[in-house]
Protein chains: 2
Amino acid sequence: MLGHGQIWAAIDALAAKNGLSASGLARRSGLDPTTFNRSKRIAADGRPRWPSTESIAKALDATATNLDSFMGLLTDGAAAPRRHVPLIGLAQAGEGGYFDDAGFPVGQGWDEIELPGADRENVYALEIAGDSMSPVYRDGDVVLVSPGAAVRRGDRVIVRTTGGEVLAKELARSTAKQVELRSINPAHPDRTLPTSEVAWIARIVWASQ
Amino acid sequence: MLGHGQIWAAIDALAAKNGLSASGLARRSGLDPTTFNRSKRIAADGRPRWPSTESIAKALDATATNLDSFMGLLTDGAAAPRRHVPLIGLAQAGEGGYFDDAGFPVGQGWDEIELPGADRENVYALEIAGDSMSPVYRDGDVVLVSPGAAVRRGDRVIVRTTGGEVLAKELARSTAKQVELRSINPAHPDRTLPTSEVAWIARIVWASQ
DNA sequence: GGCGTAAAAGGTACTAATTCCTATCGAAAC
DNA sequence: GTTTCGATAGGAATTAGTACCTTTTACGCC
């Protein structure tokens with residue numbers, strides 16, 4: 001769960017991220033510069049030496065690092081699985097022995113996908129209003145959008161016009177001159193906007209159901 | 001970033017989550033039962049005492065707790081923000097001043113929603129096959145399902161029959177005797193299953209787009 | 001009520017992490 | 001070339017966290 005090498009790798013990573021050496025990080029944290037010395041990570045008798053929780057707290061404080069970021073360093077260093085859940089094919093799911101009585105997958109060896117929003121920095125949520133995308137999005141549904149993601153034909157997107165209109169649509173065609181947007185709900189018209197009127201397009205990556 | 005009270009609150013929470021007392025957790029971890037005593041969290045001279053990193057690692061190991069979960073306990077104890085992203089209404093989004101040029105929301109004070117799968121314990125992912133729910137789910141889409149969640153009328157669900165069939169449908173009606181399932185795609189028939197043939201129903205909570 | 005078990009307070013002994021010190025090495029500054 | 005500074009190794013001293021012990025309290029069980 002939490003290993004000796006992992007902790008030290010995270011401390012090294014924390015130092016590097018702030019352009020510091022191990023001793024520099026210790027000094028900045030108000031600790032003795034030798035506290036994080038490599039030569040002291042294993043005691044003379046071969047036992048591993050762990051930094052104290054207080055030292056770690058001071059290092060986080062000195063570098064203005066929050067716990068989430070430190071977690072990232074911890075798990076990156078160990079190449080440990082991060083925010084993943086097992087992914088099962090609908091066909092597989094029909095075969096026997098894959099689920100317990102409560103409907104949870106059992107055992108190991110499943111494919112895994114990253115949970116939505118694992119890179120929390122680049123997503124935010126929008127609450128859908130209107131039914132132009134019904135039944136895909138219903139009024140009140142919440143979608144996670146990623147303004148940074150590349151958009152392709154067939155993607156569902158949020159488009160903001162220079163006029164201040166915000167649309168949830170499916171991208172039908174995108175050319176240098178114009179953007180064609182499709183409403184899933186046939187009661188609503190499709191839209192074609194000249195690129196000059198598009199402030200930005202953000203891809204919808206996940207939708208609540 | 002990481003406080004004394006937070007650490008101890010997380011240890012208490014870790015113990016509670018496993019049905020243990022502070023001393024019970026210490027014992028299970030191979031430590032002295034008094035290691036986590038409340039009376040020892042503040043030294044005689046008033047200075048705070050921090051548990052050693054090694055003790056924490058042992059406690060995580062003994063309770064088969066991964067770092068992510070412990071993180072949750074840490075941040076819960078401090079009432080700190082967890083895995084949240086800002087939530088904006090589609091109408092709000094049209095007004096000026098809310099977004100930067102790249103399409104990211106700016107400023108503070110947004111509502112926030114929890115990211116999908118924050119309780120990773122209770123969800124897994126399924127890859128959709130077939131087009132009975134088209135256009136809501138397209139072939140190859142991935143859905144996050146929560147077998148533990150309560151299902152209501154109108155929810156999109158994965159149903160597994162005792163015969164081994166796995167269906168992605170919308171729940172039309174659920175009575176004591178039977179479950180009525182609706183296909184969004186009119187080309188596919190609706191289904192009605194007697195409850196005796198339903199192995200389990202899991203609600204689809206998020207869908208990739 | 002008596003008894004056994006567990007939780008937790010309070011103290012002492014031990015062990016491990018930090019500090020302080022010295023020394024070596026390498027890079028940058030003079 | 002010499003000096004200066006930071007980084008790191010290695011060791012001694014100090015300090016802090018844990019282990020061990022005892023006592024008190026609480027709870028369930030006979």
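These numbers were taken from a predicted model, which means no experiment stands behind them. Protein chains get the first letters and strands the later ones, always in sequence-line order, with residue 1 at the start of each.
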Please check this pair: side chain of B/Ser29 against backbone of B/Leu31, looking for a donor-acceptor N/O pair closer than 3.5 Å. no
Is it the case that C/dT19 (base atoms only) and A/Lys40 (side chain only) share a donor and an acceptor within less than 3.5 Å, ignoring hydrogens and angles? yes
Given D/dC20, C/dG10, D/dA9, the nucleotide with the shortest approach to the side chain of B/Ser39: C/dG10
Starting from C1' on C/dA17, measure out to NZ on A/Lys58 and report it in whole angstrom. 12 Å
Taking A/Thr161 for its side chain and A/Glu197 for its backbone only, find out whether a donor-acceptor pair lies under 3.5 Å. no
Are there any protein N/O atoms within less than 3.5 Å of an N/O atom in nucleotides 13-17 of chain D, and if so, which ones and at what distance?
unit_1, atom_1, unit_2, atom_2, d
D/dA16, OP2, B/Arg47, NH2, 3.4
D/dG17, OP1, B/Trp50, N, 3.2

Just by distance, do the side chain of B/His4 and the backbone of B/Ile42 share a donor-acceptor pair under 3.5 Å? no
Donor + acceptor pair across side chains of B/Thr35, B/Asp32 (<3.5 Å): no
Residue mapping more 5' on DNA chain C - nearest nucleotide basis, A/Thr34 or B/Thr34: B/Thr34
Has B/Thr34 got a side-chain atom pairing as donor or acceptor with B/Asn37's backbone, closer than 3.5 angstrom? no
Between A/Asp12 (CG) and D/dT8 (C1'), how many Å, whole number? 13 Å
Please list, in numerical order, the residues of residues 15-22 of chain A that have a heavy atom closer than 4.0 Å to any atom of DNA chain D. A/Ser21, A/Ala22
Can you check the B/Leu25 CG to C/dA8 C1' distance for me, whole Å? 15 Å
Ignoring hydrogens and angles, does a donor from either the side chain of B/Asn37 or the base of C/dA8 sit under 3.5 Å from an acceptor on the other? no
To the nearest 0.5 Å, what is the distance between CG on A/Asp12 and CZ on A/Arg38? 4.5 Å
Spacing between B/Arg28 atom CZ and C/dA6 atom C1', to the nearest angstrom: 15 Å
Would you mind classifying the nucleic acid contact of B/Arg41 as base, sugar-phosphate or nothing, using non-hydrogen atoms under 4.0 angstrom? nothing
Side-chain donor/acceptor of A/Arg173 to backbone N/O of A/Arg153, under 3.5 Å: no
Spell out, as yes or no, whether a donor-acceptor pair under 3.5 Å connects the side chain of A/Ser52 to the backbone of B/Ser52. no
Which distance, rounded to the nearest 0.5 Å, do you find between the CG of A/Leu193 and the NZ of A/Lys177? 16.0 Å
Nucleotide nearest A/Arg38 (side chain, heavy atoms from C-beta), chosen from D/dA9, D/dC20, C/dT19: D/dA9
Hey, is the side chain of B/Arg27 poking within less than 4.0 Å of OP1 or OP2 on C/dA6, counting only N and O atoms? no
